[in-house]
Amino acid sequence: MFRSLSPAITTALYLTGVLTGRRAVLLFIAQIIGGLIASALVLGLTPAGSGDVDVVNTSLSDGVTYAQGFLMEMLGTSVLVFSVLMLGE
């Protein structure tokens with residue numbers, strides 16, 4: 001049984017025929033729910049004196065455009081998916 005923690009990996013495994021459609025949908029839903037629970041935990045564990053959830057910064061740095069950020073995310077995800085698919089062979 002193949003377990004993954006990323007919806008991108010689940011989608012890639014479905015498209016390559018490793019996962020059935022039903023299992024891929026169930027994993028995808030479980031991963032999204034897990035992400036929501038994890039973000040709620042981060043929000044709950046953030047110190048109250050910090051004002052907002054600025055402790056976890058997910059914005060782009062100064063000097064990085066949206067196109068560059070998108071390209072970096074796309075490249076990083078494709079490397080991750082490629083690595084998992086090659087390890088599974």
Side-chain angles (χ1 to χ4, degrees):
M1 174 183 267
F2 214 117
R3 291 184 174 89
S4 68
L5 300 175
S6 168
I9 299 295
T10 299
T11 304
L13 292 174
Y14 168 70
L15 292 175
T16 56
V18 175
L19 293 175
T20 63
R22 182 173 184 226
R23 183 172 295 270
V25 168
L26 291 174
L27 276 172
F28 193 85
I29 291 170
Q31 290 162 348
I32 296 298
I33 291 171
L36 291 172
I37 292 170
S39 64
L41 282 172
V42 168
L43 183 63
L45 295 173
T46 303
S50 65
D52 207 300
V53 188
D54 291 336
V55 176
V56 181
N57 190 3
T58 58
S59 61
L60 295 173
S61 298
D62 293 334
V64 178
T65 66
Y66 287 117
Q68 290 171 329
F70 180 77
L71 184 64
M72 287 187 286
E73 283 292 325
M74 189 174 67
L75 181 63
T77 301
S78 64
V79 168
L80 172 68
V81 169
F82 179 76
S83 300
V84 169
L85 289 176
M86 291 299 106
L87 288 173
E89 289 292 321

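Quick caveat, the model's predicted, so the values are computed rather than measured.
Hydrophobic clustering, with ILVMFWY side chains joined whenever heavy atoms are under 4.5 angstrom apart, keeps Phe28 apart from Val84. Ile29 is connected to Ile37 through a chain of hydrophobic side-chain contacts under 4.5 Å among Ile, Leu, Val, Met, Phe, Trp and Tyr, so both are in one cluster. At a threshold of 4.5 Å between side-chain heavy atoms, the hydrophobic network of Ile, Leu, Val, Met, Phe, Trp and Tyr places Val25 and Ile33 in one connected group. Taking hydrophobic clusters as Ile, Leu, Val, Met, Phe, Trp and Tyr residues chained together by side-chain heavy-atom distances below 4.5 Å, Met72 shares a cluster with Tyr66.
When all heavy atoms of Thr65 and Leu60 are compared, the pair lying nearest together is O-CD1, 3.5 Å.
Here the CG-CG distance, from Leu36 to Leu41, works out to 11.5 Å after rounding to the nearest 0.5 Å.
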Ignoring hydrogens and angles, write down the donor-acceptor pairs under 3.5 Å from the side chains of residues 11-20, residues two or more places apart or on other chains.
{"unit_1": "Thr11", "atom_1": "OG1", "unit_2": "Pro7", "atom_2": "O", "d": "2.8"}
{"unit_1": "Thr16", "atom_1": "OG1", "unit_2": "Ala12", "atom_2": "O", "d": "3.0"}
{"unit_1": "Thr16", "atom_1": "OG1", "unit_2": "Leu13", "atom_2": "O", "d": "3.2"}
{"unit_1": "Thr20", "atom_1": "OG1", "unit_2": "Arg23", "atom_2": "N", "d": "3.3"}

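In this structure a side-chain-to-backbone donor-acceptor pair under 3.5 Å is missing from Thr77 to Met74.
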